Enquirer: 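Below you will find the structure I want to go over with you.
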Amino acid sequence: VVRGIEAWRRPLRGTALLWPSMLFWVGFFAVPIGIMLLRAISDRDGFTLAHFTRLAEPLYVRVLANTVVLGLVVTALTLVIGYPVAYFIVRRAGRWKGLLFFLILCPLLVSIIIRSYGWLVLLGSGGLVNALLVSLGVVEEPVALVYNWIGVVISLVHVLLPFMILSITSVLEGLDRSIEEAAQVLGASPARVFCHVTVPLTWHGILAGSLLVFMLTVGNFVNVMLLGGADQLVLPLLIYQRITVSIEYGFASALSLFLLLTGVAALIVQGRLAGRRMVA
Amino acid sequence: MTMTATTRRQFLGQSALLAGGLAAGIGRPAQAQDRTIVATSYGGNWEKAIKQYVVPCFEKATGARANVLVGQESEWIAKIDAQRDRPPIHVLVSSAEYVGRIKELGIADKIDPARVPNLKDIPPVFFDAAHDLGPAFDYGAAVICYNADKIPNPPASIAEFIERASRGEFGRKVTIPGITYPWTASVAIWNFADVLGGSVDRPDAGFEAVRKLKPYIPKFYTSGPELLNLFRQGEANIGLFWNGVFQSFHDGGARFAKWVNPKEGGVMGLVVVHKVKNAPELAWDYVNCMLDPTVGAGFASVLVGYGLTNQKVKYPAAVADKIVPASALRKPPFEAIQAALPSWTDRWNREIGA
């Protein structure tokens, strides 16, 4: 009996450090998701799949496509802008590294609403950017930079860029420089070393940053609501409408699960890509 | 160094004292909780007026305390619905647009005239909106708001507004609320349908009007502050909004901001006050205070432009002429609109956008 109890105790003791986080996870993630699922599959008459079948309507398919495409575009842009910045910070910034990190994190210190209103002031028809474009003769009339996808993408790239930069920086910093030097000694040009050695070795940072940015983009609704127009319809906005305006908890829950599945799909893709790269 | 030893008797004595103290302490908050109610309020001047006039009236009348919870209806309704037996909110202030849902969920008590003496001074037009769940406390008017510097000759009616705006006369500087704004169904869809010969059952004309206006709307606003920002930034010169907030915007320094009540009558917006089911009886006293004429006069002095539903309210001279009489407004069929809202939201998303 003692041996049996001991056999149970050992693995429990081994996982004891995980219990607080598991409790937190169960209480604040698993249980709410369960409640949401129950709401999504029930209405006043009992069990129903009506909320889910509605999701197949063209409107919701279009909205899902909008959401995913927005996520991909913002992820691609933050990667293209963020990678060189991360590279510069790790390899060239020297004693300015701390200051650069601070400047990169600065946008996160300001509330998302204030930041969005800031973009409205800058990009609006009477804003600084348009005034500059008109005064320089680049355009005759102010151009529409807000209340469309342009404004939404600019504001999201601005706010999510630090997540990409920090993810890539952490991997770049741990990169063994001798591998790149070996490639150079063997005659590879700097561009070739970068494309064939540096980027592949920072793949995990790229994937982690991309996943973070994608998830945060597809779940964002404040920027879309404030800087988007009538045609910028994404899943979080639909969920917000169903909860605050028409108060349809069942359908809002189904939409939320749909959004969650988008995130899970991104996670699976990231896992596959990470695994494939490791095998390679 | 000398250490003080605690004898067993001393320990037991101290423990008994501590236990007694704790028991007394536990009892006290329970009593205090019974004498404290939680009432909801919108933010900004609303909260200011509630704390300045309604809360003191209630505390003076009952000797109890009232805590004010600022937020919005969907959040309050969800909280009450989740804890029906011991609701965390006792007096629910809500827009009439939500009354249908509140009734359906059964989270508010039927009004008890015996517990709300001020109810006798509330005309029926302000009471049936809630179907005796609770009376309306104040009303606003959704009117035509415009920038007088840019539009010296504003439309006099909703029909004229739609006609001139959809012709492009005001340029791409028109704004109306979008479907993420809780009052859009009455302020835009029903409003347009009503003046163009439709109704809540035949909203096609309303949707058609919105479709015609869309090319001239840079942004369907989603909140009051957003609308004011659109006017401030010069992104909008004309739109539909509540007269009271727009009047405060004008009084706050935006001298260009003017409004006109359309010929057909602006859309009446009602704020209804409910006693939540299973809330302490004290909540009735709070409801009664909200309907008090003296409280109402004070409220009107803070929230300029909004009319109070109690006929005995004597408005301060400075604000009286800024209130649109209820007789000059159209009252939407709130409950029918609430019932149509899910399908209208879908239709709006399909045909108009966010």
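Every chain is numbered from 1 and lettered A, B, ... according to where its sequence line falls, protein lines coming before strand lines. All values reported here derive from a predicted model rather than from experimental measurement. Note: hydrogens, waters and symmetry copies are ignored here, and every other heavy atom, side chains too, is used.
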Enquirer: For residues A:V121 and B:R232, determine if any side-chain heavy atom of one lies less than 4.5 Å from a side-chain heavy atom of the other.
Expert: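 A:V121 vs B:R232: side chains apart.
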Enquirer: Output, in order, the C-alpha distance, side-chain angles, deciding distance and verdict of side chain to side chain contact (heavy atoms under 4.5 Å, CB included) for B:N229 and A:L120.
Expert: CA-CA 9 Å; B:N229 201 44; A:L120 287 176; 3.7 Å; yes
Enquirer: Mind listing the closest non-hydrogen atom pair of A:Y117 and B:P225 along with its distance?
Expert: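 Shortest heavy-atom contact: OH-C, 4.3 Å.
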Enquirer: Specify the closest pair of heavy atoms between B:P342 and A:R242, including all atoms of both residues, with the distance to one decimal.
Expert: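 For B:P342 and A:R242, the tightest heavy-atom pair comes out as O-NH1, 3.6 Å.
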Enquirer: Salt bridge or not between A:R44 and B:E104? Use side-chain N to carboxylate O under 4.0 Å.
Expert: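 Judged by the 4.0 Å cut-off on N to carboxylate O distance, A:R44 and B:E104 do form a salt bridge.
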Enquirer: For a quick check under 3.5 Å, do B:E235 and A:S125 share a side-chain donor-acceptor pair by atom type?
Expert: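 On atom types as modelled, these side chains qualify, holding a pair under 3.5 Å.
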Enquirer: Find the one option among B:K214, B:R172, B:E97 whose heavy-atom pairs under 4.5 Å with chain A are most numerous.
Expert: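 Among B:K214, B:R172, B:E97, the one with the most close pairs to chain A is B:K214.
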Enquirer: Under a 4.5 Å heavy-atom cut-off, does chain A meet the side chain of B:Y221, its backbone, both or neither?
Expert: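 Contact with chain A: none, neither part.
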Enquirer: Surrounding NZ of B:K150 (heavy atoms of other residues, nucleotides or ligands, distance under 6.0 Å), is the total greater than 12?
Expert: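 Atom NZ in B:K150 is not packed in, count stays at 12 or less.
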Enquirer: When you compare the side chain of A:L233 with that of B:N349, does any pair of heavy atoms fall below 4.5 Å?
Expert: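 B:N349 reaches A:L233 side chain to side chain.
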Enquirer: Within the supplied structure, the quantity of interest is the number of heavy atoms (other residues, nucleotides, ligands) at a distance under 6.0 Å from A:F47 CZ; does it exceed 12?
Expert: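 Count over threshold, so yes.
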Enquirer: Looking at every heavy atom in both B:Q338 and A:V245, which two are closest together, and how far apart are they?
Expert: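 Minimum heavy-atom contact is NE2-O, 4.5 Å.
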Enquirer: So what's closer than 4.5 Å to chain A heavy atoms on B:E75: side chain, backbone, both or neither?
Expert: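 When you check distances to chain A, no heavy atom of B:E75 falls under 4.5 Å.
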Enquirer: Within a strict 4.5 Å, meaning less than it, do heavy atoms of the A:E248 and B:L341 side chains meet?
Expert: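 They are not in side-chain contact.
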Enquirer: Check whether A:L238 gets within reach of chain B through its side chain, its backbone, both or neither, counting any heavy atom under 4.5 Å.
Expert: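 The side chain, not the backbone.
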Enquirer: Is B:R101 close to chain A through its backbone or its side chain, or both, or neither, when contacts mean heavy atoms under 4.5 Å?
Expert: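 Side chain only.
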Enquirer: With side chains defined as the heavy atoms from C-beta onward, is the minimum distance between A:Y147 and B:L230 less than 4.5 Å?
Expert: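 Sidechains of B:L230 and A:Y147: in contact.
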Enquirer: A quick test of your reading: do over 12 heavy atoms of other residues, nucleotides or ligands sit less than 6.0 Å from CD1 of A:I113?
Expert: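 Not buried by this count: 12 neighbours or fewer within 6.0 Å.
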Enquirer: If I compare all heavy atoms of B:A78 with all of A:Y249, which pair ends up nearest, and what's the gap?
Expert: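 Looking at all heavy atoms of both residues, the shortest contact is CB-OH, 3.5 Å.
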Enquirer: Counting only N and O atoms by type, is there a donor-acceptor contact under 3.5 Å from the side chain of B:K219 to the main-chain atoms of A:G228?
Expert: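 Answer holds: yes.
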Enquirer: Whether the side chain of A:Q241 engages the backbone of B:T345 through a donor-acceptor N/O pair (distance < 3.5 Å, no angle test) should be reported.
Expert: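 Judged by distance alone, no pair lies under 3.5 Å.
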Enquirer: Would you compute the distance between atom CG of B:D346 and atom CZ of A:F251 and round it to the nearest 0.5 angstrom?
Expert: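 Those atoms lie 6.0 Å apart.
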Enquirer: For the residue pair A:L226 and B:E226, establish whether any side-chain heavy-atom pair is separated by less than 4.5 Å.
Expert: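 Yes, side chains in contact.
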